[in-house]
Amino acid sequence: MMSWVNVLDAIGTMAFAASGALIGVKKQMDVFGVVVLGLVTAIGGGIIRDVILDSLPPYVFVHNLDIIIAIITSIIVFISPKSIENRRLFFYFDAMGLGVFSAIGVSKAIDCHMSFIGSIILGTITAVAGGMIRDVLSAEIPLVLKKEIYASACVVGTSLFYVLDLLKLNTSVNLFICTFIIFVLRVIAFSKNWQLPRKIL
Amino acid sequence: MMSWVNVLDAIGTMAFAASGALIGVKKQMDVFGVVVLGLVTAIGGGIIRDVILDSLPPYVFVHNLDIIIAIITSIIVFISPKSIENRRLFFYFDAMGLGVFSAIGVSKAIDCHMSFIGSIILGTITAVAGGMIRDVLSAEIPLVLKKEIYASACVVGTSLFYVLDLLKLNTSVNLFICTFIIFVLRVIAFSKNWQLPRKIL
Amino acid sequence: MMSWVNVLDAIGTMAFAASGALIGVKKQMDVFGVVVLGLVTAIGGGIIRDVILDSLPPYVFVHNLDIIIAIITSIIVFISPKSIENRRLFFYFDAMGLGVFSAIGVSKAIDCHMSFIGSIILGTITAVAGGMIRDVLSAEIPLVLKKEIYASACVVGTSLFYVLDLLKLNTSVNLFICTFIIFVLRVIAFSKNWQLPRKIL
């Protein structure tokens, strides 16, 4: 893949690991727990995708760069959690990760001949399943199921990618469009506090 | 497989998705969360079975019918949760799903040359693991571990299937007997409020 | 593998199953729930390792001995939970399991050509992931993320195994050294109440 994908992937890995590590610190975990939470948040989604696609061992176990980034980030957050809390920049990094992880996921799913609906699900899993495992390990209901436009941005972006791919457009352009749309949707939704509908029982 | 298996499979998928979606609504999840809970409840068990059997990508990702049924059911439950709450019919549908999912699971496990004990476990996982993931994502202890005759009916039915299969009886008859026994056990146990023993510490 | 590995593996399986079953009893689960908790604690880590290593079906589904040991142990604990509570011996058995499971895991990972960091992670997953699933199914934050020297002993022991393996030393000697180091670290850490650093926010 093109190198901008690798750069955004590294930035996203950092942001996801930081979000996991921060919750670990808040839940009074020790340094091992903080690193585990950072790791699963950053690489959990990609591992589940690769298991379902029968692409084993998972990519991240073959090329360890993301594991190393996630461990180092988690240790930095453990040492200095205030360095990232409430930082606007980290929100943008997280949104970039959301976009690029979805784009990579849907692209791999299509390479493995998944259907439209399977590709959307796998792209979205790549981006959000790590955060869900993070919340389950913190004994909380996953945030992504409860509030904000987050996973739904992935559904929109990955659907668009699938359609563009059907049209035989250039893959790296498609990856960029998918990543960009998800990033923009996430940023706008957050700043305007958009929410998906919820039921009042 | 015979078509009655497909029909019961579709009914069970609907019932399992509805049970997941209903919990999502009760836990104040947004529509995305409700669909995720419906989906994992309906298809989670089969995915874990296929991963263990090395039958990847999982069946449900190759034939998407169950995914589509689960998503549509979840959206209907989100729009109108009262339509299914406390409905006797849904209890029967759920019990049918319990039976047919177990029967499909144990049959696939035997096809993959699993042992007696492995086949029982995989049949039972097919039927109950989705509901366990649903409860974990709701930050609750899985219901199936705590009360009622539910998974234990699957253990009985799948053991019977394994024995009948050893006797070289007709597979579709075995599937029917296994499904029927589990359905009946579940219905009787529920109406008589049978419980497995629990320890008073 | 040598027979002492098999003996320690059986002892560890018993101790891990007992720890899971005991939590099941305390959480007021029925006998089915107690057996499930014992089973996942004993065999969950090895299954995740085998999925990641693409060594499917998982070893424990091909050779059922550990499954049988875990089920029998769980039923005994259900019948007589006081027989194991607070017993010093079970702490030692658990520490042996921690050591030998890590050693088996890192050795399999190296056989599958995993990197240094991948091998450490897989060795540690083999030893601690079952206990993490146990705690998640009990709606608790995994103990291993919060306190005591537990998984960190696995990281030390498996790192040592990797280095010894690079030096082409005899594998069964390496397995023994790795198991022994983890056992000793765990026992000393527990008796001296060593803790990993935690952050005060």
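Lettering of chains follows the sequences in order, A, B, ..., and the numbering in each one begins at 1.
A:M29 and C:R198 get closest at one heavy-atom pair: O-CG, 3.2 Å.
Side-chain atoms of C:L53 and A:F61, non-hydrogen and from C-beta on, never get closer than 4.5 Å to each other. Annotation: side chain of C:I149 is not in contact with side chain of A:F32 (no heavy-atom distance under 4.5 Å). Side chains of C:L145 and A:K27 form no contact here, defined as non-hydrogen atoms less than 4.5 Å apart.
With a 4.5 angstrom heavy-atom cutoff, A:L137 touches chain C via backbone and side-chain atoms both. Contacts between A:V51 and chain C at a heavy-atom distance below 4.5 Å involve the side chain alone, from C-beta outward.
Note that CD1 of C:I117 is 4.0 Å distant from CD1 of A:I71, once rounded to the nearest 0.5 Å. Here CD1 of C:I141 is found 10.0 Å from CD of A:Q28. Values are rounded to the nearest 0.5 Å. Here the straight-line distance linking atom CG of C:D54 with atom CG of A:D54 works out to 6.0 Å at 0.5 Å rounding.
More than 12 heavy atoms of other residues, nucleotides or ligands lie within 6.0 Å of CZ in A:F90, so this atom counts as buried by the packing criterion. Sparse packing is recorded around CZ of A:F180, with 12 or fewer heavy atoms of other residues, nucleotides or ligands lying under 6.0 Å away. Residue-environment remark: OH (C:Y59) stays at or below the threshold of 12 foreign heavy atoms within 6.0 Å.
Ranked by non-hydrogen atom pairs under 4.5 Å with chain C, the options A:L56, A:I47, A:N64 are led by A:L56. For the set C:S152, C:A151, C:A139, the entry with the most heavy-atom pairs within less than 4.5 Å of chain A is C:A151.
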